Protein chains: 2
Amino acid sequence: MITSPTLATSGAERLVLAGLARSATLNAQEVQLVSSCASHTDSVEAGQELAELGTFLSKPKLVLSGWVGHARLLDDGRRQIVELNIAGEPTAFGLRPLSKARASYVALTPVRYAEIGELVERAMARPDQYPGLVSGLRAADDEGHSRLYDHVVRAGRMLAHERLAHFALDLCRRHERVGLCVSQSFPMPLTQEVLGDVLGLSTVHVNRTLQQLRREGLLKTTSGRWQIPSVEHLETVAGGGAHGQ
Amino acid sequence: MITSPTLATSGAERLVLAGLARSATLNAQEVQLVSSCASHTDSVEAGQELAELGTFLSKPKLVLSGWVGHARLLDDGRRQIVELNIAGEPTAFGLRPLSKARASYVALTPVRYAEIGELVERAMARPDQYPGLVSGLRAADDEGHSRLYDHVVRAGRMLAHERLAHFALDLCRRHERVGLCVSQSFPMPLTQEVLGDVLGLSTVHVNRTLQQLRREGLLKTTSGRWQIPSVEHLETVAGGGAHGQ
DNA sequence: CGCACATTTGACGAGAATCAACTGCAGTGG
DNA sequence: CCACTGCAGTTGATTCTCGTCAAATGTGCG
């Protein structure tokens, strides 16, 4: 695997790292454990694999920037991206030890990440000493599970424009959590081809559906960002896909 | 909730209960804990809800017979069944405490089940004393997670006949695990309408696709059962949906 | 028998995939 | 500086999968 040399961790990235705790506050011991991760960061270019299908997830990471996809391939080349991880989310991560990768974890953009293997191990070994981290990791795992449910509903029962609306709302909320969402606007570095692999649509249809949403003023797409002018309005388009819980 | 009175647990059901351990062997203490569940069984009719969307999964159960579906509704009536549980599988179950139902857990047929709340709590509290049960519960949780990935791929990227083939193979394997699969034949109590809600297809299209598979000799459907004449053959139809592994 | 419900069939239309070509744009090198 | 290249986005024409509507057939059961 080709990786660029470890770069200094920026202040913004430290903030993302600290966000691991989700809503909980961290005690002194936890803060130290988190900051020790700041020196174990690395990056990969787009297209690189972070974890291989079927292997053990022994090296969990926290995404600092960029997007990771959990991809499954069908033998004729079709691809389905089952889940995404953006900044602030654990990836190549399984709460219980010995969990295997159920997909190929691919960097969909250049990705910076921190190794959190040691952090996870220590925290899970003594939950009483690391309550904030443990609840943060559990919450992240739980949200991932929830998103899988959403994804099945999207792919199974929603029309193209509903899928896009539902997906955009999900991304908006997730970026809000890490402070990357300003005035309902967040980064969208994915090509329409990749977007199709996420939503179960062809590239061409993604393009046409996006145009429709733009025409109706439901979504603005400018220079690698999406903006949602009215969340309420977009929610009505997304159907009743029961967000979050 | 309307429930019929608790009935005596049959020998077959005790076997299903014991299957909770998956491949692991149980120690004396575990065996006793499991058999204590045999006296906490109940049943519900088809259509009843076992756990409500958004509520805490505080009363986990083990399915003894019948099928449970995790259903999500869209506001115009469309329904997607995100996951299924058959005999031998935990349902309304979350490995970590305080996990919420991400869907409505519905009995798709008459369902017999055992309450395993106490078992789960005791086992997870002292994993060293109940190694077999803990690993069994973890394995069940893990398989469920895996099936979600499969389900997204099915719904997102597979054609109708591929979805059905993939689904039939999945069911065959799961029924094998509990000894309910004889010569590649297993129960199929779901109506084609429910099948559509599982696979993200219309009732009519399920019907036509089933006919196609039957015509091609890939699937036999007789009196509430499905039979797979050739697993290898059906696997080639299912594409490369990377099963379980 | 008659009722309710599941399965099946036909005709038609809508949503999405496919194929192919064209545009626009950033990066590269002559 | 500008032609050339590669890739993402866009467009049009066409095909195909699948959904919808409606009616008919089949099946278990009181």
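For clarity, every value in this text was computed on a predicted model and none was experimentally measured. Numbers restart at 1 for each chain; the letters A, B, ... are given by sequence-line order, proteins then strands. FYI, side chains are in, hydrogens and waters are out, and symmetry mates aren't considered; it's all heavy atoms of this structure.
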Spacing between [X] atom [atom1] and [N] atom [atom2], to the nearest angstrom:
X	N	atom1	atom2	result
A:L74	C:dA17	CG	C1'	16 Å
B:H161	D:dC16	NE2	P	15 Å
B:D76	D:dT20	CG	C1'	14 Å
A:H205	D:dG9	NE2	P	17 Å
B:E193	D:dG19	CD	P	13 Å
B:Q212	D:dT17	CD	C1'	11 Å
B:L195	C:dC5	CG	P	19 Å
B:D197	C:dA6	CG	C1'	15 Å

Aromatic plane relationship, A:W226 with A:F167 - under 30° parallel, 30 to 60° tilted, over 60° perpendicular: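 Perpendicular.
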Test side-chain hydrogen bond (donor to acceptor under 3.5 Å, both in side chains) applied to A:H145 and B:R102, step by step: CA-CA 9 Å; A:H145 207 271; B:R102 287 168 270 261; 3.0 Å; yes
[N], OP1 or OP2 - any side-chain N/O from [X] closer than 4.0 Å?
X	N	value
B:R208	D:dT20	no
B:N207	C:dT8	yes
B:Q211	C:dT9	yes
A:R214	D:dT10	yes
A:Q192	D:dT10	yes

Between B:E49 and B:S104: side-chain donor-acceptor atoms closer than 3.5 Å: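 A donor-acceptor contact under 3.5 Å links the two side chains.
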Polar contact flag, side-chain donor to acceptor under 3.5 angstrom, B:R225-B:S185: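 There is such a pair between these side chains.
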A:T191 side chain, from C-beta outward: closest of D:dG19, C:dT18, D:dA8: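 Looking only at side-chain atoms, A:T191 lies closest to D:dA8.
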Sugar-phosphate only, base, or nothing, as touched by B:S202 at under 4.0 Å among non-hydrogen atoms: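 Base, at least one base heavy atom under 4.0 Å.
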Salt bridge present between B:E162 and A:R78 (N-O < 4.0 angstrom):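 Yes.
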5' precedence on DNA chain D between A:L210 and B:G200 (nearest-nucleotide basis):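 Per heavy-atom nearest nucleotide, the more 5' residue is A:L210.
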